[in-house]
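The structure under discussion appears below in the form of structure tokens.
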Amino acid sequence: MIRLQAFSFAAIGCIAVPAIIIVAMPTLARAQSADLVLCDRLAADPSDPDKPADVKGTPDVATADVATAIKYCKIASASSRRALYQLGRAYAANRQLPEAMAAWRKAADKGSTSAMVELGVAYGTGAGVARDEAQARKLFERAAEAGNPRGVTNLAALSGGGGGAPADPARARQLLAKAAEANAEAQYQLGLMMANGTGGAQDDAGARNLFEKAAAQNHPGALERMGAFTQEGRGGPKDSGAAKAYYERAAALGDEDAKKALKRMECPYAIKDKRGNFVTNLCF
């Protein structure tokens, strides 16, 4: 319609053509972006590397939002692999597994590493498809090589059954190091491995540095770990006030370990019975 109008006005005068283009094109852009905005709002995955930084995401697509998410993600998926992946999430939340798998396969073919991970989980657990550990491993490896932290951790956790190679913590640590350059989840996971000495040397200072980077991006687990490291003086200065602030931020984001840590700080003394069993905490 825009092109027809442009041609008709061009016959009259060239000045009218750019006016039509300038007015009409942004209208179409807004219509297209609105679908993706709604899809992001209802079905974005917080850990998806494709997700823009200003999109918060949701751990699960709410039941009340499923129909709307499917509607708008389906429209947006025509031009966005992120929306295609999120369409799969919406279908999965609605227990439409065949549709979810189809959407994830298309998204994975377009390069969505999060879709690769979801497909890998399905094949690894036999959810909606025949269990195939070799296929799960292949998908996790593709996602991990592309820097997806969930691909790395799932690859590391995959059992050695079914003829596959055993989990390789050193390789997982190497892949996480690559992903941690720009991803909070990878920073957190690599920090845990360094703190525990898994897959390489233990490095409390390095772990704390990674936790601090992820905490700056409001990663709940990293905030909790920063609270613990700061409270203990592990890998850096000890500061109970700063520790409490980290715990509070993590607790506000729903981290249960941080909530328990705050309770322990408020009530530091444990009361036990004669058998040594915990009864309650003594608060001041």
Side-chain angles (χ1 to χ4, degrees), residues 36 39-40 43-59 77 79-89 92 103-125 133-158 164-196 198-201 203 206-223 225-226:
L36 183 55
C39 178
D40 281 338
D45 179 352
S47 66
D48 183 12
D50 282 345
K51 181 185 69 63
D54 61 345
V55 175
K56 182 178 179 181
T58 177
S77 67
S79 58
S80 169
R81 76 179 185 191
R82 182 172 81 253
L84 193 54
Y85 163 61
Q86 290 166 185
L87 176 61
R89 295 189 81 220
W104 286 334
R105 285 193 181 98
K106 290 178 182 177
D109 288 342
K110 293 178 181 293
S112 170
T113 58
S114 291
M116 295 172 197
V117 172
E118 294 298 340
L119 288 170
V121 171
Y123 279 109
T125 60
E133 188 173 308
Q135 182 66 9
R137 186 178 299 278
K138 182 187 295 185
L139 287 159
F140 290 149
E141 284 176 346
R142 283 180 61 197
E145 290 290 351
N148 187 297
R150 289 182 61 215
V152 176
T153 53
N154 278 300
L155 180 61
L158 196 62
D168 186 346
R171 176 60 173 157
R173 187 159 165 169
Q174 181 183 17
L175 290 169
L176 276 172
K178 177 182 177 181
E181 294 174 3
N183 185 276
E185 178 65 21
Q187 290 160 2
Y188 170 66
Q189 294 291 344
L190 180 57
L192 291 177
M193 295 190 80
M194 294 175 72
N196 297 326
T198 304
D203 183 353
R208 180 166 173 159
N209 181 55
L210 287 165
F211 291 145
E212 188 170 18
K213 288 181 179 179
Q217 300 168 69
N218 286 324
H219 187 290
L223 285 164
R225 285 293 80 201
M226 275 304 297

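Because only heavy atoms are used, hydrogens play no part in the values below, and waters and symmetry mates are left out as well, while side chains stay in. A quick note: this is a predicted structure, and the numbers were derived from the prediction, not measured.
Asp45 and Tyr85 share a donor-acceptor pair across their side chains, judged by distance under 3.5 Å alone. Gln86 and Arg89 form no side-chain donor-acceptor contact under 3.5 Å, judged by distance and modelled atom types alone.
Separation of atoms CE (Met116) and CG (Asn148) is listed at 9.0 Å; rounding is to 0.5 Å. Rounding to the nearest 0.5 angstrom, the gap separating the CD atom in Gln189 from the CG atom in Asn183 is 10.0 Å. Between the CG atom of Asn209 and the CG atom of Asp203 there is a distance of 9.0 Å, given to the nearest 0.5 Å. The distance from atom CE of Met193 to atom CG of Leu176, rounded to the nearest 0.5 Å, is 6.5 Å.
Residues Leu119 and Arg105 meet the side-chain proximity criterion, which asks for heavy atoms closer than 4.5 Å.
At least one donor-acceptor pair closer than 3.5 Å links the side chain of Gln217 to the backbone N or O of Lys213. Judged purely by atom type and a 3.5 angstrom limit, Arg150 has no side-chain atom pairing as donor or acceptor with the backbone of Ser114. Between the side chain of Arg225 and the main chain of Phe211, no donor-acceptor pair closer than 3.5 Å is present.
When every heavy atom of Val117 is checked against every heavy atom of Phe140, the shortest pair comes out as O-CE2, 3.5 Å. Of all the heavy atoms in Ala107 and Leu84, the pair that sits closest is N-CD2, 3.4 Å. Nearest approach of Ala215 to Leu223, heavy atoms of both residues: CB-CD2, 3.6 Å. Smallest separation of non-hydrogen atoms from Ala146 and Thr113: CB-CG2, 3.5 Å. Nearest heavy-atom pair across Ala44 and Val55 is CB-CG1, 3.7 Å. Of all heavy-atom pairs between Thr198 and Arg173, the closest is O-NH1, 3.1 Å.
Using a cutoff of 4.0 Å between basic side-chain nitrogens and carboxylate oxygens, Arg82 and Asp48 are not scored as salt-bridged. A salt bridge links Arg137 to Glu133: one of the charged nitrogens lies within less than 4.0 Å of a carboxylate oxygen.
Within a 6.0 Å radius of NZ in Lys106, no more than 12 heavy atoms belonging to other residues, nucleotides or ligands are found.
Applying the salt bridge (Lys or Arg N to Asp or Glu O under 4.0 Å) test to pairs two or more places apart or on separate chains, none has a residue in residues 176-188.
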